[in-house]
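As the structure is a prediction and not an experimental result, all values here were calculated from the model.
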Amino acid sequence: MSIVVTGATGHLGRLVIESLLAKGVPAAEIVGLGRQVDRIADLGITVRQVSYDDRDALTAAFTGADKVLFISGSEVGRRIPQHTNVVEAAKAAGVGLIVYTSAPKADRTDMKLAAEHLATERLLAASGLPHVILRNGWYIENYSVAQALAHGLFGAAGDGRISAATRADFAEAAASVLAGEGHAGKVYELGGEPFTMAQLAEVISRESGQPVTYTDLSPEKYIEVLVGAGLPQPYAEILADSDRAASGGALEVPRADLENLLGRPVTPLAAAIRAAIH
Ligand SMILES: NC(=O)c1ccc[n+]([C@@H]2O[C@H](COP(=O)([O-])OP(=O)(O)OC[C@H]3O[C@@H](n4cnc5c(N)ncnc54)[C@H](OP(=O)(O)O)[C@@H]3O)[C@@H](O)[C@H]2O)c1
């Protein structure tokens, strides 16, 4: 068996590989792809330096793969051509199964960040390749506890509930799909314990012993705050749009799919925040 993981050099990819190894998949059966491959030199797996911009290199790296975990790229706005390369390469290499990390409710959300994910889901459907969609929810780690303690929490998510989970939980779920059987054709909506931003502030306050408040802003004002803090305008706009969508429930999904793949309850929000503090 050969499992290829794209985006292996990122935070999620490393956790997936660690989880595959913990499940007993031999290191010799795992290939990790990315550009900054020195980051994963310690994992003991085969690594290949491959860019999503290079379809031929992707095809070569996928050749012989039984399963590919296709972790979505991080270059927002460039992902449709890049992901097209990945899907075409997987098809050319004849991979047995491709598992893609998508976004919550990608087929029925107006969240701008989801558009490239929906396009990718459609590419996979059109490819005819056996595939699995993992619609990963928000990472709890997206919320910096250190920044919340220093400055408070700011956003535009209103009272929208956000079913965030730890990266490690999403990674373990991906590893169980890769190491298991019978997932082809499935679309999993993956999320954890839902919370509002005000509830997140309460949890951080309780776990740190330091009061933290959440300030809800209009999306326009939130963009101003993010740009003022040094974020590029396009990135600030994407974050504010995601919060706008979250205020209407775009990031709330049941936790059943994630817990079924994990075979255990999701990591509680309080435990994740405690781990980030200590
Ligand atoms: N659910 C969420 O809350 C959330 C939050 C942020 C991002 N995401 C999405 O989930 C993905 C994984 O999350 P993460 O935390 O692991 O992100 P990350 O740490 O930023 O890792 C991104 C990975 O994508 C690879 N990559 C990006 N552009 C590439 C390219 N042109 N060619 C080859 N590889 C490329 C990077 O490789 P190199 O670094 O080696 O170039 C890296 O391995 C992200 O890429 C993004 O699509 C989800």
Side-chain angles (χ1 to χ4, degrees), residues 6-15 34-36 39 51-53 70-86 100-106 109-121 134-158 160-167 170-171 190-191 195-197 200-201 204 212 214-253 272 276:
T6 77
T9 49
H11 295 90
L12 183 70
R14 164 175 280 276
L15 291 167
R35 291 173 299 185
Q36 304 176 75
R39 285 188 180 166
S51 164
Y52 289 147
D53 294 310
F70 171 13
I71 293 184
S72 47
S74 48
E75 296 170 325
V76 176
R78 297 193 55 213
R79 294 188 290 186
I80 294 180
Q82 292 176 337
H83 290 186
T84 301
N85 285 338
V86 175
Y100 175 65
T101 63
S102 186
K105 309 182 201 180
T109 182
D110 66 351
M111 193 175 73
K112 290 188 178 130
L113 202 51
E116 290 171 315
H117 291 289
L118 177 59
T120 308
E121 290 191 10
L134 302 177
R135 289 188 181 151
N136 285 351
W138 248 216
Y139 305 148
I140 290 175
E141 291 86 349
N142 290 346
Y143 303 104
S144 162
V145 173
Q147 281 189 22
L149 290 171
H151 308 293
L153 280 170
F154 294 85
R161 281 154 54 99
I162 299 168
S163 304
T166 61
R167 269 201 196 85
F170 291 123
L190 301 176
F195 55 82
T196 64
M197 290 299 292
L200 175 62
I204 297 175
V212 169
Y214 171 60
T215 306
D216 196 55
L217 305 167
S218 67
E220 296 73 24
K221 185 71 196 164
Y222 186 36
I223 292 170
E224 272 178 47
V225 167
L226 291 171
V227 170
L231 263 67
Q233 178 84 18
Y235 185 41
E237 286 175 9
I238 282 285
L239 291 183
D241 178 75
S242 299
D243 265 30
R244 173 205 58 75
S247 72
L251 296 181
E252 183 178 16
V253 298

Item to check | Spatial distance of atom OG (S218) from atom CD (E224) [nearest 0.5 Å] | outcome: 7.5 Å
Checklist entry - Does the side chain of D53 come within less than 4.5 Å of R78's, by heavy atoms? => result yes
Item to check | Rounded distance (nearest 0.5 Å) linking atom CD of E116 with atom CD of E121 | outcome: 13.0 Å
Checklist entry - Between R39 and Q36, is any side-chain donor less than 3.5 angstrom from a side-chain acceptor? => result yes
Quick one: side chains of residues 136-144, donor-acceptor pairs under 3.5 Å with protein atoms, not counting sequence neighbours, listed by atom name and distance.
| unit_1 | atom_1 | unit_2 | atom_2 | d |
| --- | --- | --- | --- | --- |
| E141 | OE1 | R167 | N | 3.1 |
| E141 | OE2 | R167 | N | 3.3 |
| S144 | OG | Q147 | N | 3.0 |

Checklist entry - Got a sec, which residues hit ring-ring contact (aromatic ring centres under 6.0 Å, His included) with Y52, two or more places apart in sequence or on another chain? => result none
Checklist entry - Quick one: are T101 and H117 in side-chain contact, heavy atoms under 4.5 Å? => result no
Checklist entry - Do you know the tightest heavy-atom contact between A171 and L15? => result CB-CB, 3.5 Å
Checklist entry - Can you check whether S163's main-chain N or O pairs, donor with acceptor, with E252's side chain at less than 3.5 Å? => result no
Checklist entry - Could you state the interatomic distance from CG (L113) to CG (L239), rounded to the nearest 0.5 Å? => result 8.5 Å
Checklist outcome for this item: Rounding to 0.5 Å, atoms CE (M197) and OG1 (T215) come to a distance of 10.0 Å
Item to check | Non-hydrogen atoms of I204 and V212 that approach each other most closely | outcome: CG2-CG2, 3.9 Å
Checklist entry - Would L190 and F170 satisfy side chain to side chain contact (heavy atoms under 4.5 Å, CB included), going step by step from the backbone distance to the final call? => result CA-CA 8 Å; L190 301 176; F170 291 123; 3.8 Å; yes
Checklist entry - Is the backbone N or O of A106 less than 3.5 Å from a side-chain atom of T109, with the two atoms forming a donor-acceptor pair by type? => result no
Item to check | Stepwise side chain to side chain contact (heavy atoms under 4.5 Å, CB included) check, Y100 with L134 | outcome: CA-CA 6 Å; Y100 175 65; L134 302 177; over 6 Å; no
Checklist entry - CG/D243 to CD1/I223 distance, rounded to the nearest 0.5 angstrom? => result 10.5 Å
Next on the checklist: Using the rule given for side chain to side chain contact (heavy atoms under 4.5 Å, CB included), can you reason through T9 versus R35, listing the C-alpha separation, both sets of side-chain angles and the distance that settles it, and then say yes or no?
Outcome noted: CA-CA 7 Å; T9 49; R35 291 173 299 185; 5.9 Å; no
Checklist entry - Heavy atoms, side chains only, cut-off 4.5 Å: are Y222 and R244 in contact? => result no
Checklist entry - Where do A240 and P219 come nearest, in terms of heavy atoms and distance? => result CB-O, 3.7 Å
Checklist outcome for this item: Looking only at heavy atoms, the pair that brings I80 and A119 closest together is CD1-CB, 3.8 Å
Next on the checklist: Do T120 and F70 make a side-chain contact, defined as non-hydrogen atoms from C-beta onward lying under 4.5 Å apart?
Outcome noted: yes
Checklist entry - If every non-hydrogen atom of P104 is compared with every non-hydrogen atom of A250, which pair is closest and at what distance? => result CB-O, 3.8 Å
Checklist entry - Is a side-chain N or O of R79 found less than 3.5 angstrom from the main chain of G73, in a donor-acceptor match? => result yes
Checklist outcome for this item: Taking every heavy atom of T166 against every heavy atom of A272, the minimum-distance pair comes out as CG2-CB, 3.7 Å
Next on the checklist: Working to the nearest 0.5 angstrom, can you tell me the gap between K105 NZ and M111 CE?
Outcome noted: 10.0 Å
